[in-house]
> 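Have a look at the structure that comes next, please.
The first residue of the sequence shown is numbered 1, and numbering continues consecutively from there.
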Amino acid sequence: MALGDLMASRYSQSSVMTAVVSNHFDECASSHDDADFGSHRQDSETASSSHGNASASTTTSMAYLPQNKVLYELRHEAFEGCVPTGPSDNGLVSKWRPKDRMKTGCVALVLCLNIGVDPPDVIKISPCARMECWIDPFSMASRKAMETIGKTLSSQYERWQPKARCRYQLDPPVEEVKKLCNTCRKYAKSERVLFHYNGHGVPKPTANGEIWLFNMSYTQYIPLPISDLDSWLKTPSIYVFDCSAAGLIVNAFHELNDWGASGSSRDCILLAACEAHETLPQSAEFPADVFTSCLTTPIKMALRWFCKRSLLRESLDDSLIDKIPGRQNDRKTLLGELNWIFTAVTDTIAWNVLPHDLFQRLFRQDLLVASLFRNFLLAERIMRSANCSPISHPMLPPTHQHHMWDAWDMAAEICLAQLPSLIEDPNAEFVASPFFTEQLTAFEVWLDHGSEHKKPPEQLPIVLQVLLSQSHRFRALFLLGRFLDMGPWAVDLALSVGIFPYVLKLLQTITPELRQILVFIWTKILALDKSCQVDLVKDGGHTYFIRFLDSMEAYPEQRAMAAFVLAVIVDGHRRGQEVCIKAGLIHVCLKHLQGSTPNDLQVDALLLQWLCLCMGKLWEDFPEAQIIGLQADAPAIYVPLLSEPQPEVRACAVFALGTLLDMGAGSRDGVGGDDECDDDEKIRAEISIVSSLLSVVSDGSPLVRAEVAVALGRFAFGHNKHLKSIAAAYWKPQSNSLLNSLPSLANIKGTGSGFSSSNQYMPHGNIVTSQIGSLLRVGNDNPSVVQDGSVSTSSPLANSGIMHGSPLSDDSSQHSDSGILNGGVSNGVVNHSSSKPMDNAMYSQSVLAMCTFAKDPSPRIASLGRRILSIVGIEQVVAKPLKTGSGVRPGEPSTSYPSHNFSGLARSSSWLDMNGGHLPLSFLTPPVSPPRSNFLTGMRRVYSLEFRPHLINSPDSGLADPLLGSGGSSGASERSLLPQSTIYNWSCGYFSKPLLALSDDSEEIPARREEREKFALEHIVKCQHSSASKLYSNNQIASWDTKFETGTKTILLQPFSPIVIAADENERIRIWNYEEGILLNSFDNHDFFDKGIAKLCLVNELDDSLLLTASCNGNIRIWKDYDLKNKQKLVTAFSSIQGHKPGVRSLNAVVDWQQQSGYLYASGEISSIMLWDLDREQLVNSIPSTSDCSISALAASQVHGGQFAAGFVDGSVRLYDVRMPEMLVCETRPHSQKVERVVGIGFQPGLDPAKIVSASQAGYIQFLDIRSRRDPYLTINAHRGSLTALAVHRHAPVIASGSAKQLIKVFSLEGKPLGSIRNLHHTFMGQKISSVSCLTFHPYQVLLAAGAVDGSVTIYADDNAQAR
């Protein structure tokens, strides 16, 4: 099956799985599918049944168990924890590249045969080996024989290295050898020289390793010291010594170069026929130069040796082997096939037994050296059979018994069996050997069972060889793709075996069926090693991928891979950027972005993501490309992507838009300010881009917000001077306050929001008008009234003089007290002495967005926000944590995540909203004025805040993040402050992971979930039959003193473990095992000063649950591994409430989570209810609350997705259904006896969507059936004026209420009292009574947990439970 088909099948499977478990409300978030809503409601009504029906159908039962799962994607793994690195272009991964390609440029052959005269130290046997280069020297005159042998050996070497210059000397004197060596070195220059010595006609080398030559008259043997030879040939060099006792020469080289001791760096390779004590074989079975024959004619030598040992010896004689048809370099012939198989076998043996760096040096660096070493392996096999051991330097491990030789013998036998018939009939068809097919099958078997921790597949070099054959290429590439998909280790192995030049060459083919596989293979290679971008550009490979990207036949994920390859090609590589622009990449990408109509969201999302990243990398720091992008109206094409459902796509679109912002070389801060507005088109484009970026400042995904922060950092760098002056003007003391004219972020006009209805939330005004007011509001006594973005001039900021003497930016100093600040305001625009490229509104909104980031609930984004604020001259102050609010007892370890000092960047109460209006901000000292060490003289500390001056070149810049560096605001140092985007590196990680195989734990997870579902369903049935259950004080099963100084604010019981989670007002979270009485974990939700917990919820409770914490300011943080000591990790964080009513100091957020739909509902002191889709991490709607009062209680139905109820401070209750066009189902005001806020609200157990329980502060509990009647059908006066908490069991027909009078009452749904509990807990001083602050039921058992204002948590069971 093709790789593309494999991918298709995999994605079809995953889409089926997704269809099974996905929740259908994802498609219903928009209010346009009215027909769908009606059908959903009919389904719900059909599924409804009376409470307690034991024989409920499976469908009804499954309504209680949500099938969806959120926040488990790759982006949730470690966003806060680590910074992704992306493909590497140096270091370990590039070790596969041969350091320096080598070539053997010259071959020197020295033959000392002295035909007819035997050397004195050799006694020859009879019959004796006589053949030299397959020539019998006694078959012709000795001189002619010498010439013939010399020419033959020269031609044999030339076959292995055609471009090498071969020179030979026959029976030479020393002077001729010296001349030959010097000539060869001179010709070869820095290339390698091969020196081949045949000493069959001279004595063995001396004990000192000297070789013998002749005198001029051939009357004497003359010794040549190895040191002389080495000095003439120099390095790099390779020596072949074919003589008896050749090991003596190797030993002499060792002594000369001291290889053993120091591992000399001299590039000198030795091949010797035998060891020091051995004599060459004399058997007539072998040629006299058996070692040379193995090295230069391996196929002939191997077949002759094999035939004498095989069953073919009867039918084949040596003369037939000489007649094998074909050419060695033609793989379609018998000789070519044998040569190909031999190369594959010897390569495989070498790769499997040699260390990888040695394999690279000997088998991949130099073609001739590689051939000689392959053939050397054959020499070892053949000569060891004659009790002779060839040796080499570098030394190789023994290979003569490697099992791959058996595969060679079999392949040789199959080929040779055809030889007689092929010789008889030249037209007979040659049948190819099954060797390669069988080896590919062996490789495939390894792929099915192998892994990183097992021995690597030994067939990998054979796969490489098979790529040369058209008949096997497709299968080989497919299997290679499967192997590379196993991980970076597999890619590294494949590259080290030498796959790279082969797959590079294949990009020149136009075979359509190979395209998908080649793109996949290149994706895997570039995900590991970015340095290949240079090779691709050099060979024109980029055009291959641009064509593939532009084709519509391939699957979207495969085209995404092509976009990834192109993104790597242009990443930081100017030449790559230039050639891709020339090839029209920008227009190809924009065309497909513009015409994207996703069918399969997951797959198409990947393509959109990489089209954006590819464009971003192409534009990055390349002005020419940016201009082309702007001319093609790229910003307008990208804006709709900012509301895509996938956070990855939104983040990548932000990245692409951010790279279009021209930072220049500090150009906007230059002296020639009058030239800044020359390019009106560019300015308009930048305004459009910044407006689009500001629209996603409050996106639900940290991935997106991080990219917006980075893009705003680029904008801040390019418009540094103007942003600094705006920032300075906000806080500069003045009599004629500039604050009247501050523009509002609400003025940003949203485009492409995806909502057409006028009453729906436009997510592009995320930072609303009131935030400017809150940002500028000072003091507790004079809250500024904020309307339409303006602040009254009575603000104490105007007269307090707090910033007196503080160093402001050079720009604002330049205009001090004239122009800009004294009467320089006209129609809301500051009149600068130099023109600005944009109006003040845009700069103001940008500064406010930066402030928003600086107090982001995600620590990483808050750090980015502080970094970009420092670019515009606002420096953060280091804060000391408040002791009174820590909630940590002495001796208890305090763990937080992570321990940043957020220096009082409060939420809506604003930075300036500190006691007496003191500012937790200072301005960076400008480079033009000297640092003033005393500018903070006389300022006192407030709220433990320390002001610190920013000293030029100080090692600590005064910023909270030590990574921010230091120094003044010069272009270079400020550029170093710029936060760097991580979305590209993070996205690259996707392709490093296996893409073709489903994960190993795919079976384990459903098994665990099935077990939990079974447990849940069994206990749901028990709960539904527990109508007579009663809870009393004596049924207390656990009591825990949390040691919360501010009391227990909210609690939560885990469904499948005996674990209770509690939090206090200071957002200290503690997790306790109530069966074993063990504290499992304790940590702070965050380190901001502004504290207050609103709600704890469990997300994905049937799977690996996540802990959702909602702060009173609407900030949501979601934790995983929260019950492991100090191992908690932040999965995601965002602000769920966007803007609030003017003059409101606290948001008092109310939040609830609905697993069925994947929605989070949030409201508070605002006039709407925010609807967040946690799967998309996106605000999908803002539902008007249709009330002047704020919401005080919120409950989402855990059975009917999309339904929720809200209780208001005026005692009214409303039921909403987001599936309906109008959303509001009905409203009533059950608490009309006395205007009291609704303290608690909840859906009654069962499938009836309209039955609600609500409780007011006055103590009344009302039972409502909203659809049938507006008035309560049952009222209980539970607590007179002191009700503090309400809990409704999810499945059992019980409710509980708590009061400030230390009393908990339990009722049935008919209003019958089931118990009254004095909230007691035991201390060492006896029983203690405390006011109830919170109540919660266990989801699947009749267990009630109560939290009290004294910090205690008590758990009660019904009367059927055994006290533990």
> If you count every heavy atom of other residues, nucleotides or ligands that lies below 6.0 Å from Q508 atom CD, does the total exceed 12?
yes
> Mind running salt bridge (charged side-chain N to carboxylate O under 4.0 Å, His left out) on D366 and K103 for me, showing each step along the way?
CA-CA 5 Å; D366 184 321; K103 193 169 79 173; over 6 Å; no
> State yes or no: are the ring centers of F435 and W408 separated by less than 6.0 Å?
no
> For D267 and R361: C-alpha separation, side-chain torsions, deciding distance, then whether salt bridge (charged side-chain N to carboxylate O under 4.0 Å, His left out) applies.
CA-CA 10 Å; D267 189 359; R361 181 185 167 199; 3.3 Å; yes
> So does V579 get a backbone contact from the side chain of R575, meaning a donor-acceptor N/O pair under 3.5 Å?
no
> Is it true that, when you exclude L367 itself, more than 12 heavy atoms of the residues, nucleotides or ligands shown sit nearer than 6.0 Å to its CG?
no
> Determine the minimum heavy-atom distance between L495 and F500, stating which atoms define it.
CD2-CB, 4.0 Å
> Name the orientation class of the two ring planes belonging to W405 and F342 (parallel below 30°, tilted from 30 to 60°, perpendicular beyond 60°).
tilted
> Over all heavy atoms of both residues, which pair between D136 and M131 is shortest? Give the atoms and the distance, please.
N-SD, 3.9 Å
> Show the nearest heavy-atom pair for residues F286 and A129, with the distance to one decimal.
O-CB, 3.3 Å
> Do side-chain atoms of D539 reach the backbone of G541 as a donor and acceptor pair under 3.5 angstrom?
no
> Are more than 12 heavy atoms, taken from residues, nucleotides or ligands other than M140, located less than 6.0 Å from that residue's CE atom?
yes
> Partners of D228 by salt bridge (charged side-chain N to carboxylate O under 4.0 Å, His left out), sequence neighbours excluded?
none
> Quick check on the 6.0 Å ring-centre criterion: do Y197 and W212 meet it?
no
> What do you reckon, are the aromatic ring centroids of Y239 and F241 less than 6.0 Å apart?
yes
> Using the six-membered ring wherever Trp is involved, compare the ring planes of H472 and F436 and label them parallel, tilted or perpendicular (cut-offs 30° and 60°).
tilted
> Specify the closest pair of heavy atoms between P205 and L248, including all atoms of both residues, with the distance to one decimal.
O-CD1, 3.5 Å
> Is a side-chain donor or acceptor of D230 paired with a backbone partner of I226 at a separation under 3.5 angstrom?
no
> Return the set of residues passing ring-ring contact (aromatic ring centres under 6.0 Å, His included) with Y218 (not counting sequence neighbours), or none when no residue passes.
F214
> Just how far is it from atom CD1 of I269 to atom CZ of F376, taken to the nearest 0.5 Å?
12.0 Å
> Of the non-hydrogen atoms in Q282 and I125, which two are nearest, and what is the gap between them?
OE1-N, 3.0 Å
> Any donor and acceptor pair, going by atom type alone, linking the side chain of H393 with main-chain N or O of M395 inside 3.5 Å?
no
> Identify the two heavy atoms, one from T279 and one from S244, that lie closest to each other, and give their separation to 0.1 Å.
CG2-OG, 3.4 Å
> Between T297 and W134, does a side-chain hydrogen bond (donor to acceptor under 3.5 Å, both in side chains) hold up when you go through it step by step?
CA-CA 9 Å; T297 55; W134 306 105; 2.9 Å; yes
> Return the CG to CG distance between L335 and L419, rounded to the nearest 0.5 Å.
10.5 Å
